[in-house]
Structure formats: structure tokens, C-alpha cells
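Working notes for the structure below.
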Amino acid sequence: MIVTTTLSVEGRRITEYKGVVFGEVIAGVNFVKDFVAGLSNFFGGRSGTYEEELINARQQALDEMEQRAAQLGADAVVGVDIDYEVLGADNGMLMVTASGTAVRLD
């Protein structure tokens, strides 16, 4: 499955548009990660715990989007966009959404 942020795939022609596909992940951030991230914030530096959570959530959203495209019989997903939002009473949830257009290629 080809996944690209561009609207086309170089050297290939889009023969059919299958529809818009999404992958959504909502991940909770637990107390321990909050505490460790707070230490990084206080002392400076990058928060590896949050970065790892973000990387995992993004990959899961992309994987889910690809699976939905495959179910439609697509060869590729073009025009991919990834959005991030924080949710919950104390912004304790991270939502990652991947979206794009599922297509068939020649």
C-alpha cells in the first residue's frame, strides 16, 4: 500500500477513487507518564515518554487508515493528512487522526 501526502503517485495513474478513509486513535496518558514528563518540563529537555506515545498513536492511526483503504480495494492512499488534538477534562487524552483518499492505480 502506497501512502503519500501528495495528490498523486509519480509514474502511476489514478484509475479510480474509492473514497476518503480515516484512522483514529485516542490514547490516554497515565499518571506515571505525566509525572516523568513534568520532570522533563521542570528540568528542561525532551519528554521521551510523550514522544513515544505520540509516535505509537500516529503509527496506529496510519495503520488503521491503510486497513480501511485495503478493505475498499485500494492500492494507495493519497493526500494524507495527520491531525493531533488533546481531549478530556485535564487534556489527558491524545487524539490522532490520519485521513486521505483511497485510490486504485494502473
Side-chain angles (χ1 to χ4, degrees):
M1 175 77 59
I2 297 170
V3 177
T4 180
T5 58
T6 61
L7 299 177
S8 62
V9 177
E10 188 173 342
R12 306 283 299 271
R13 186 174 62 87
I14 294 174
T15 59
E16 184 180 358
Y17 291 88
K18 299 300 240 173
V20 177
V21 287
F22 294 89
E24 301 95 0
V25 172
I26 298 177
V29 181
N30 67 29
F31 172 76
V32 174
K33 288 182 182 177
D34 281 345
F35 179 75
V36 172
L39 291 175
S40 293
N41 189 36
F42 182 76
F43 292 110
R46 295 170 61 168
S47 172
T49 54
Y50 278 140
E51 287 178 7
E52 184 177 328
E53 189 70 32
L54 180 63
I55 290 166
N56 289 335
R58 181 177 54 235
Q59 190 59 56
Q60 289 173 12
L62 286 167
D63 290 347
E64 184 175 297
M65 181 191 68
E66 285 184 49
Q67 289 171 3
R68 290 182 176 162
Q71 290 172 350
L72 295 175
D75 299 317
V77 182
V78 297
V80 172
D81 181 51
I82 301 174
D83 294 310
Y84 305 90
E85 297 289 334
V86 288
L87 306 170
D90 296 321
N91 292 331
M93 305 291 280
L94 171 66
M95 179 174 74
V96 180
T97 304
S99 62
T101 303
V103 298
R104 295 274 305 159
L105 303 171
D106 65 351

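Source: prediction; values computed, not measured.
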remark   = The reported gap from NZ in K18 to OG1 in T101 (rounded to nearest 0.5 angstrom) is 13.5 Å
task = For the residue pair Q59 and I55, establish whether any side-chain heavy-atom pair is separated by less than 4.5 Å.
result = no
inquiry  = Looking at every heavy atom in both A57 and V96, which two are closest together, and how far apart are they?
reply    = CB-CG2, 3.6 Å
message = Tell me whether T15 contacts the main-chain N or O of R104 through its side chain, where contact means a donor paired with an acceptor under 3.5 Å.
response = yes
query = What pairs with E85 under side-chain hydrogen bond (donor to acceptor under 3.5 Å, both in side chains), at least two apart in sequence or on another chain?
reply = none
key: Test item: V77 and L62 side chains (from C-beta on) under 4.5 Å apart, heavy atoms   = no
query = When hydrophobic residues are tied together by side-chain contacts of less than 4.5 Å, even through go-betweens, does V9 share a cluster with V3?
reply = no
ask   = Quick one: CD1 on I26 to OG1 on T97, what's the gap to the nearest 0.5 Å?
value = 8.0 Å
ask   = If you group Ile, Leu, Val, Met, Phe, Trp and Tyr by side-chain heavy-atom gaps below 4.5 Å, do L72 and M1 land in one group?
value = yes
inquiry  = Hydrophobic cluster membership, with links at side-chain heavy-atom distances under 4.5 Å among I/L/V/M/F/W/Y: are I2 and V103 in one?
reply    = yes
remark   = When every non-hydrogen atom of I14 is compared with those of L7, the smallest separation belongs to CD1-O, 3.8 Å
inquiry  = With a 4.5 Å cut-off on side-chain heavy-atom distances among I, L, V, M, F, W and Y, is there a chain of contacts connecting L105 to Y17?
reply    = yes
query = In terms of hydrophobic clusters joined by side-chain contacts under 4.5 Å, are M93 and V86 together?
reply = no
query = Is it true that a side-chain atom of R12 and a backbone atom of D106 form a donor plus acceptor pair closer than 3.5 Å?
reply = yes
Positive for side chain to side chain donor-acceptor pair (under 3.5 Å) with R68, one of E64, E66, Q71 = E64
inquiry  = Is it the case that over 12 heavy atoms from other parts of the model lie below 6.0 angstrom from the OH atom of Y84?
reply    = yes
